[in-house]
Amino acid sequence: MDSTSAYSFASCAWNTLQAMPLIVAPQAIISLLTIGDDPQAPGTTPSGVEPYLARSLGLALLVLGLVTVVLTGSVPVGSSLDSARDAPSPYVAAALFLTTLHHGAGAAYIWTRYTATGGAGYLLGFVGSAALAAFGMWCLLFGGEKARISRRTGADKRTSGFPFPNAEADRRKAR
């Protein structure tokens with residue numbers, strides 16, 4: 001499994017972990033988020049809109065995770081006759097960029113909530129989102145590029161000779 005597949009499955013798992021409580025028990029999540037608020041204050045009792053929005057967010061997170069797995073080519077869609085087995089999906093970079101942006105923005109927002117409230121759940125959410133944002137950035141910069149690998153030797157063609165010259169390659173070129 002290459003790094004982009006690992007990232008897409010980790011992103012899908014994280015989004016599913018966040019989505020399941022929102023879909024299954026939105027009232028529990030709403031009550032957990034309103035602990036410490038004054039129960040007599042107006043607007044603290046959940047109306048019918050909060051469970052609807054919680055379930056909608058949960059479904060959106062679930063779909064985002066599944067779309068990430070499909071668009072990165074981690075799960076083959078279609079027959080094996082349609083495309084080459086080793087051909088990368090044309091949507092890998094876009095899917096990685098958008099999900100990395102999602103996890104980065106989520107981590108920034110969760111951090112602001114953590115500093116305002118000090119809740120441990122926010123800290124756990126921040127760590128998960130920030131780790132996925134960093135992993136996604138790494139995959140965007142370094143992962144999944146097979147075009148620069150030599151078919152004959154398997155060596156990476158992006159290397160240079162800077163601070164240490166490659167004397168063996170220089171001898172072969174001189175011949």
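Sequence positions, counted from 1, serve as the residue numbers for this chain.
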**Q** Enumerate, atom names and distances included, each donor-acceptor pair closer than 3.5 Å involving a side-chain atom of residues 52-66, sequence neighbours excluded.
**A**
| from | atom 1 | to | atom 2 | distance (Å) |
| --- | --- | --- | --- | --- |
| Arg55 | NE | Ile23 | O | 3.1 |
| Ser56 | OG | Tyr52 | O | 2.9 |

**Q** Got a list of side-chain donor-acceptor pairs under 3.5 Å for residues 126-142, not counting sequence neighbours?
**A**
| from | atom 1 | to | atom 2 | distance (Å) |
| --- | --- | --- | --- | --- |
| Ser129 | OG | Trp14 | NE1 | 3.4 |
| Ser129 | OG | Gly125 | O | 3.3 |

**Q** Report whether Val92 and Leu98 are members of the same hydrophobic cluster (ILVMFWY, side-chain heavy atoms less than 4.5 Å apart, transitive linking).
**A** yes

**Q** Can you list everything that forms a ring pair (Phe, Tyr, Trp, His ring centres under 6.0 Å) with Tyr122? Sequence neighbours excluded, please.
**A** none

**Q** Any side chain to side chain donor-acceptor pair (under 3.5 Å) involving residues 59-77? Give me the pairs, sequence neighbours left out, ordered by first then second residue.
**A** Ser5-Ser74, Ser8-Thr72, Ser8-Ser74, Thr72-Ser74

**Q** For Phe9, what residues pass the ring pair (Phe, Tyr, Trp, His ring centres under 6.0 Å) criterion, not counting sequence neighbours?
**A** none

**Q** Would you say that Pro26 contacts Glu50 through its side chain, given a criterion of any heavy-atom pair below 4.5 Å between the two side chains?
**A**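 Counting from C-beta outward, Pro26 and Glu50 never come under 4.5 Å.
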
**Q** Tell me the closest heavy-atom pair linking Thr4 and Asp2, and the distance in Å.
**A** OG1-OD2, 2.9 Å

**Q** Are Phe97 and Tyr7 connected into the same hydrophobic cluster when the rule is that any two of I, L, V, M, F, W, Y join if their side-chain heavy atoms are below 4.5 Å apart?
**A**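 Shared cluster, yes.
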
**Q** Go through the structure and list residues passing side-chain hydrogen bond (donor to acceptor under 3.5 Å, both in side chains) with Ser11, not counting sequence neighbours.
**A** His103

**Q** As an exercise, state the distance from CG of Leu17 to CG of Leu22, rounded to the nearest 0.5 Å.
**A**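 Separation between the atoms: 10.5 Å.
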
